[in-house]
Number of protein chains: 2
Amino acid sequence: MIRILLADDEHLIRGALAALLSLEDDLEVVAQAATGAEALATARVVRPDVAVIDLQMPDLDGVSVAQALSAELPSCSTMIVTSHGRPGHLKRALAAGVRGFLPKTVSSDVLATVVRTVHSGGRYVDPALAAEAISAGDNPLTPREADVLELALEGAPIDEIARRASLSPGTVRNYLSSAVGKTGASNRHEAARAARARGWI
Amino acid sequence: MIRILLADDEHLIRGALAALLSLEDDLEVVAQAATGAEALATARVVRPDVAVIDLQMPDLDGVSVAQALSAELPSCSTMIVTSHGRPGHLKRALAAGVRGFLPKTVSSDVLATVVRTVHSGGRYVDPALAAEAISAGDNPLTPREADVLELALEGAPIDEIARRASLSPGTVRNYLSSAVGKTGASNRHEAARAARARGWI
DNA sequence: CGACGGGCATGACATCTGTCATGGGTTTCT
DNA sequence: AGAAACCCATGACAGATGTCATGCCCGTCG
């Protein structure tokens with residue numbers, strides 16, 4: 001019996017996925033979580049075999065959870081499911097030790113199959129996402145540039161970005177300027193959108 | 001037995017929801033669709049009692065589907081589930097004859113309950129979304145302000161907005177300034193996002 | 001009719017942003 | 001050890017942007 005931890009902020013989806021997985025004889029959902037932090041805390045207690053984690057959650061990013069999990073519970077394989085599969089996330093996820101990466105558009109039985117695959121030590125990445133990631137090419141942004149651009153996505157003024165990133169406004173402007181150059185945009189907002197479209201953030 | 005049509009572009013979610021609904025004795029998922037057009041076509045054939053439709057789908061908007069359904073199949077009650085519940089959508093949905101409106105964050109059994117409610121002629125709108133929609137109030141933007149804000153969404157510089165709207169840059173700035181004031185934002189990008197979030201554009 | 005609100009435009013001013021030069025600190029690779 | 005790349009910061013300058021006052025044209029409503 002494979003013991004599964006399920007994390008998704010959307011209660012309905014989480015419940016539905018749990019129902020689906022429970023239909024399989026060899027799978028058992030032993031815990032559920034609605035946030036990244038909750039997922040981590042729960043995992044430490046129940047020590048599941050496989051963690052199925054949604055990419056976007058209110059507090060902790062799914063990738064961050066995966067990273068923490070693979071460090072703390074090497075016996076637990078992590079896989080990520082997501083609605084909006086952006087190439088950048090896939091790369092980060094693999095770097096974080098994620099064993100499976102699926103968009104929510106896959107058919108229902110694929111999920112169960114992949115759970116078994118990662119549990120037995122294998123890996124699985126959705127072919128379409130993999131192709132996208134490869135064609136997207138390398139991310140020319142430095143980590144800090146990506147951070148700052150991400151904060152700029154919401155349209156916040158530079159001072160707020162600086163506060164949220166704990167940087168000086170001048171530094172923020174430097175990073176943004178550099179990022180604007182690399183994206184070929186004419187201002188940071190356009191740059192942020194372009195970077196997201198290309199999966200760089 | 002209540003016969004249900006389920007439409008969601010995310011195969012995994014659709015399957016999971018189907019599994020969930022099928023656990024109920026008095027509910028039966030008689031058809032599934034992955035796009036809005038498909039949902040319409042299928043509904044014409046199977047004539048379900050209740051249609052459960054995702055708001056965001058590749059081709060036809062969930063609201064458009066609901067509108068067509070309520071015109072063509074008045075015997076079929078439509079309800080909408082959504083991940084990102086924007087107040088604007090709720091208003092449009094109700095105008096389109098939707099009987100139930102739920103975010104995907106609700107607990108699993110609420111869904112079944114609401115299916116029964118709308119089937120028996122009732123209505124149900126998630127309280128949190130309803131409150132949001134009410135507090136959002138009417139759209140205070142003038143048509144032109146809305147136009148210009150929409151163009152600003154992509155992060156374009158003012159000169160480009162002016163060209164695309166066939167206005168002088170100064171006029172664009174006036175409209176944007178006014179819109180920024182009405183949204184309480186600190187620049188046009190934030191204003192554009194805020195307006196979209198509230199369903200004003 | 002006259003007041004009112006919206007659409008459109010211009011000009012002036014203060015502030016915000018983007019760009020560039022510069023410099024010091026750290027890590028990584030050769 | 002030295003080079004290269006990244007992180008962080010400051011200062012200066014030009015151009016973009018936000019704000020405000022002002023004006024004209026047009027349609028609507030009382």
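Since we're looking at a predicted model, the values are computed, not measured. Below, read A as the first sequence line, B as the second, and so on, with proteins coming before strands; counting in each chain starts at 1.
Under the side chain to side chain donor-acceptor pair (under 3.5 Å) criterion, A:Arg144 pairs with A:Asp147, not counting sequence neighbours. Among residues two or more places apart in sequence or in another chain, the salt bridge (charged side-chain N to carboxylate O under 4.0 Å, His left out) test is passed with B:Glu24 by B:Arg116. For A:Asp25, the salt bridge (charged side-chain N to carboxylate O under 4.0 Å, His left out) criterion is met by no residue, not counting sequence neighbours. Considering only residues two or more places apart in sequence or on other chains, B:Arg47 meets the side chain to side chain donor-acceptor pair (under 3.5 Å) condition with none of them.
In terms of heavy atoms, B:Gly36 sits closest to B:Leu60 at CA-CB, 3.8 Å. Closest approach of A:Pro103 and A:Leu129 over heavy atoms only: CD-CD1, 3.8 Å. Across all non-hydrogen atoms, the minimal contact from B:Leu149 to B:Leu141 is CD1-CD1, 3.9 Å. Minimum heavy-atom separation, B:Leu21 to B:Ala112: CD2-CA, 4.5 Å.
The phosphate of C:dT10 has OP1 or OP2 within less than 4.0 Å of a side-chain N or O from B:Ser168.
You'll find the side chain of B:Val125 reaches within 4.5 Å of the side chain of B:Leu94, heavy atoms only.
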So if I define the base as every atom that isn't primed, P, OP1 or OP2, how would nucleotides 25-30 of chain C read as a B/S/- string at a heavy-atom cutoff under 4.0 Å? ------
Can you build the contact string for nucleotides 24-30 of chain D? Use B for base contact, S for sugar-phosphate-only contact, and - for no protein heavy atom under 4.0 Å. -------
Would you check, one step at a time, whether the test side-chain hydrogen bond (donor to acceptor under 3.5 Å, both in side chains) holds for A:Thr82 with A:Gln56? CA-CA 7 Å; A:Thr82 172; A:Gln56 43 261 309; 3.3 Å; yes
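For the helix from C:dC1-D:dG30 to C:dT30-D:dA1, the axis fitted to the five pairs at one end and the axis fitted to the five pairs at the other end meet at an angle of 30° (nearest 10 degrees).
Among B:Leu111, B:Ile4, B:Ile53, the one residue that satisfies the side chain to side chain contact (heavy atoms under 4.5 Å, CB included) test with B:Met79 is B:Leu111.
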Listed pairs under 3.5 Å, donor-acceptor, residues 156-166 of chain B side chains, sequence neighbours left out:
{"unit_1": "B:Arg164", "atom_1": "NH2", "unit_2": "B:Glu154", "atom_2": "OE1", "d": "2.9"}

Residues 7-18 of chain B side chain polar contacts: donor-acceptor under 3.5 Å, at least two apart:
{"unit_1": "B:Asp8", "atom_1": "OD1", "unit_2": "B:Glu10", "atom_2": "N", "d": "2.8"}
{"unit_1": "B:Asp8", "atom_1": "OD2", "unit_2": "B:Lys104", "atom_2": "NZ", "d": "3.2"}
{"unit_1": "B:Glu10", "atom_1": "OE2", "unit_2": "A:Ser83", "atom_2": "OG", "d": "3.2"}
{"unit_1": "B:Arg14", "atom_1": "NE", "unit_2": "B:Gln32", "atom_2": "OE1", "d": "3.1"}
{"unit_1": "B:Arg14", "atom_1": "NH1", "unit_2": "B:Asp8", "atom_2": "O", "d": "2.8"}

Donor-acceptor pairs are to be reported for all side-chain atoms of residues 170-181 of chain A against protein atoms at under 3.5 Å, with residues two or more places apart or in another chain.
{"unit_1": "A:Thr171", "atom_1": "OG1", "unit_2": "A:Ser168", "atom_2": "OG", "d": "3.1"}
{"unit_1": "A:Ser178", "atom_1": "OG", "unit_2": "A:Glu145", "atom_2": "OE2", "d": "2.6"}

Just the atom pairs and distances: protein N or O near nucleotides 4-7 of chain C's N or O, under 3.5 Å.
{"unit_1": "C:dG7", "atom_1": "OP2", "unit_2": "B:Thr142", "atom_2": "OG1", "d": "3.0"}

With 3.5 Å as the limit, what N/O pairs link the protein to nucleotides 17-21 of chain D?
{"unit_1": "D:dT17", "atom_1": "OP1", "unit_2": "B:Arg188", "atom_2": "NH2", "d": "2.8"}
{"unit_1": "D:dT17", "atom_1": "OP2", "unit_2": "B:Ile158", "atom_2": "N", "d": "3.4"}
{"unit_1": "D:dG18", "atom_1": "OP1", "unit_2": "B:Arg188", "atom_2": "N", "d": "3.2"}
{"unit_1": "D:dG18", "atom_1": "OP2", "unit_2": "B:Arg188", "atom_2": "NE", "d": "3.4"}
{"unit_1": "D:dG18", "atom_1": "N7", "unit_2": "B:Arg173", "atom_2": "NH1", "d": "3.1"}
{"unit_1": "D:dG18", "atom_1": "O6", "unit_2": "B:Arg173", "atom_2": "NH1", "d": "2.6"}
{"unit_1": "D:dT19", "atom_1": "OP2", "unit_2": "B:Ser177", "atom_2": "OG", "d": "3.2"}
{"unit_1": "D:dC20", "atom_1": "N4", "unit_2": "B:Asn174", "atom_2": "OD1", "d": "3.0"}

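A:Arg196 places no side-chain N or O within donor-acceptor distance of the main-chain N or O of A:Glu150, the cut-off being under 3.5 Å.
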